[in-house]
Amino acid sequence: MNQKKIGAFISECRKRKKLTQLELAEKLGVTDRSVSNWENGVCLPDASLYRLLCDILQISINELFAGEFVCDEDYKKVADDNLLILLEHRLYDTSSKEITFDEFHNALKRMSETALLLKRFEDKKEAITYLVNETGLSEEECASAYDIYIKMFN
């Protein structure tokens with residue numbers, strides 16, 4: 001989720017409703033400083049406020065997370081993307097955080113792409129041969145990696 005984009009969207013929607021930051025804050029039971037922080041992309045609202053915030057701004061939670069109005073044709077795709085990003089954030093939150101979220105996200109994407117690639121081979125031996133040639137690792141290491149990928153994505 002892009003906090004800056006979401007914040008700008010909250011600001012845009014608040015202004016469309018002709019509300020000040022203080023008026024929105026009072027309706028939500030928070031400070032106007034909190035609303036300012038959201039709108040400036042410093043942080044996101046607490047999850048307990050999402051439903052009420054969306055009701056006040058007359059937007060969907062999907063649109064809130066997307067940081068933009070979503071047309072009917074794109075609604076399912078945007079919802080799926082938002083759900084995946086939320087799950088990735090949740091998974092990242094349980095990690096040791098030795099890497100940034102963007103690095104974590106990219107690693108998950110590469111792992112998923114690798115698993116899909118490996119499933120295209122007719123058999124395990126062919127996939128392992130491919131991994132050995134591509135990575136320069138031993139057959140044993142590649143066989144182990146293959147097993148991990150297949151278990152993880154089946």
Side-chain angles (χ1 to χ4, degrees), residues 1-121 127 130-131 134-135 137 141-142 144-154:
M1 288 184 295
N2 183 328
Q3 285 184 194
K4 295 263 186 218
K5 185 176 179 184
I6 292 170
F9 185 61
I10 291 171
S11 176
E12 175 190 344
C13 293
R14 174 183 58 76
K15 290 173 184 173
R16 281 181 179 220
K17 302 300 288 174
K18 297 186 178 14
L19 293 170
T20 65
Q21 287 182 340
L22 181 60
E23 290 169 332
L24 179 58
E26 287 172 348
K27 289 177 180 283
L28 293 168
V30 298
T31 66
D32 57 335
R33 180 82 177 143
S34 293
V35 174
S36 176
N37 284 338
W38 306 337
E39 291 183 357
N40 288 310
V42 174
C43 61
L44 293 173
D46 184 79
S48 65
L49 298 173
Y50 292 160
R51 171 91 46 215
L52 181 57
L53 176 63
C54 290
D55 288 347
I56 292 167
L57 299 178
Q58 294 183 317
I59 58 174
S60 68
I61 291 176
N62 195 28
E63 290 171 321
L64 175 67
F65 290 151
E68 62 188 8
F69 292 105
V70 179
C71 64
D72 289 342
E73 302 88 55
D74 297 335
Y75 201 83
K76 183 181 180 322
K77 183 191 177 322
V78 171
D80 288 348
D81 290 346
N82 285 336
L83 180 58
L84 288 172
I85 289 170
L86 285 170
L87 291 171
E88 286 177 2
H89 274 279
R90 183 74 171 139
L91 186 59
Y92 179 72
D93 287 345
T94 63
S95 74
S96 62
K97 297 188 185 62
E98 294 173 4
I99 58 176
T100 66
F101 175 77
D102 286 339
E103 292 169 327
F104 182 80
H105 171 76
N106 289 333
L108 285 177
K109 186 176 176 185
R110 285 191 311 272
M111 288 171 59
S112 177
E113 290 167 352
T114 301
L116 288 173
L117 173 72
L118 293 177
K119 286 182 178 182
R120 290 186 184 141
F121 289 98
Y130 170 82
L131 288 174
E134 288 296 312
T135 65
L137 297 172
E141 289 172 303
C142 290
S144 177
Y146 174 87
D147 290 339
I148 290 168
Y149 277 111
I150 296 303
K151 283 180 188 174
M152 193 177 337
F153 290 96
N154 270 343

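Computation of the quantities below employed the complete heavy-atom set of this structure, encompassing side-chain atoms and omitting hydrogens, waters and symmetry-equivalent molecules. One is the number of the first residue; the rest follow in order along the sequence.
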Heavy-atom pair with the smallest gap, counting every atom of [X] and [Y]:
{"X": "Ala79", "Y": "Asn62", "result": "CA-OD1, 3.1 Å"}
{"X": "Tyr146", "Y": "Ala127", "result": "CE1-CB, 3.5 Å"}
{"X": "Arg14", "Y": "Leu24", "result": "CD-CD2, 3.9 Å"}

Mind checking whether [X] and [Y] have side chains closer than 4.5 Å, heavy atoms only?
{"X": "Leu131", "Y": "Leu137", "result": "no"}
{"X": "Thr135", "Y": "Cys142", "result": "yes"}
{"X": "Phe101", "Y": "Glu88", "result": "yes"}
{"X": "Leu19", "Y": "Ile56", "result": "yes"}

Would you tell me whether Thr100 and Asp102 have side-chain atoms, one donor and one acceptor, within less than 3.5 Å of each other?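 Absent: no donor and acceptor within the cut-off.
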
Within this structure, what is the [atom1]-[atom2] distance for the pair [X] and [Y], rounded to the nearest 0.5 Å?
{"X": "Leu49", "Y": "Leu64", "atom1": "CG", "atom2": "CG", "answer": "10.5 Å"}
{"X": "Glu12", "Y": "Glu68", "atom1": "CD", "atom2": "CD", "answer": "10.0 Å"}
{"X": "Phe104", "Y": "Asp93", "atom1": "CZ", "atom2": "CG", "answer": "9.0 Å"}
{"X": "Thr114", "Y": "Tyr149", "atom1": "OG1", "atom2": "OH", "answer": "4.5 Å"}

Can you spot which of Asp74, Asp81, Asp80 makes a salt bridge (charged side-chain N to carboxylate O under 4.0 Å, His left out) with Lys77? Asp81

Look at the side chain of Asn40 and the backbone N and O of Val42, then say whether any donor-acceptor pair between them is shorter than 3.5 Å. no

What do the steps show when you test Gln21 against Trp38 for side-chain contact (heavy atoms from CB on, under 4.5 Å), and what is the final call? CA-CA 10 Å; Gln21 287 182 340; Trp38 306 337; over 6 Å; no

Set out, in order, the CA-CA distance, both residues' side-chain angles and the distance that settles side-chain contact (heavy atoms from CB on, under 4.5 Å) for Ile10 and Leu53, then state yes or no. CA-CA 9 Å; Ile10 291 171; Leu53 176 63; 4.1 Å; yes

CA sep, side-chain torsions, deciding dist, call: Lys27, Glu23, salt bridge (Lys or Arg N to Asp or Glu O under 4.0 Å): CA-CA 6 Å; Lys27 289 177 180 283; Glu23 290 169 332; over 6 Å; no

Ring-plane angle category for Tyr130 and Phe121, please: parallel below 30°, perpendicular beyond 60°, tilted otherwise. tilted

Apply side-chain contact (heavy atoms from CB on, under 4.5 Å) to the pair Leu57 and Phe9, showing each step before the final yes or no. CA-CA 10 Å; Leu57 299 178; Phe9 185 61; over 6 Å; no

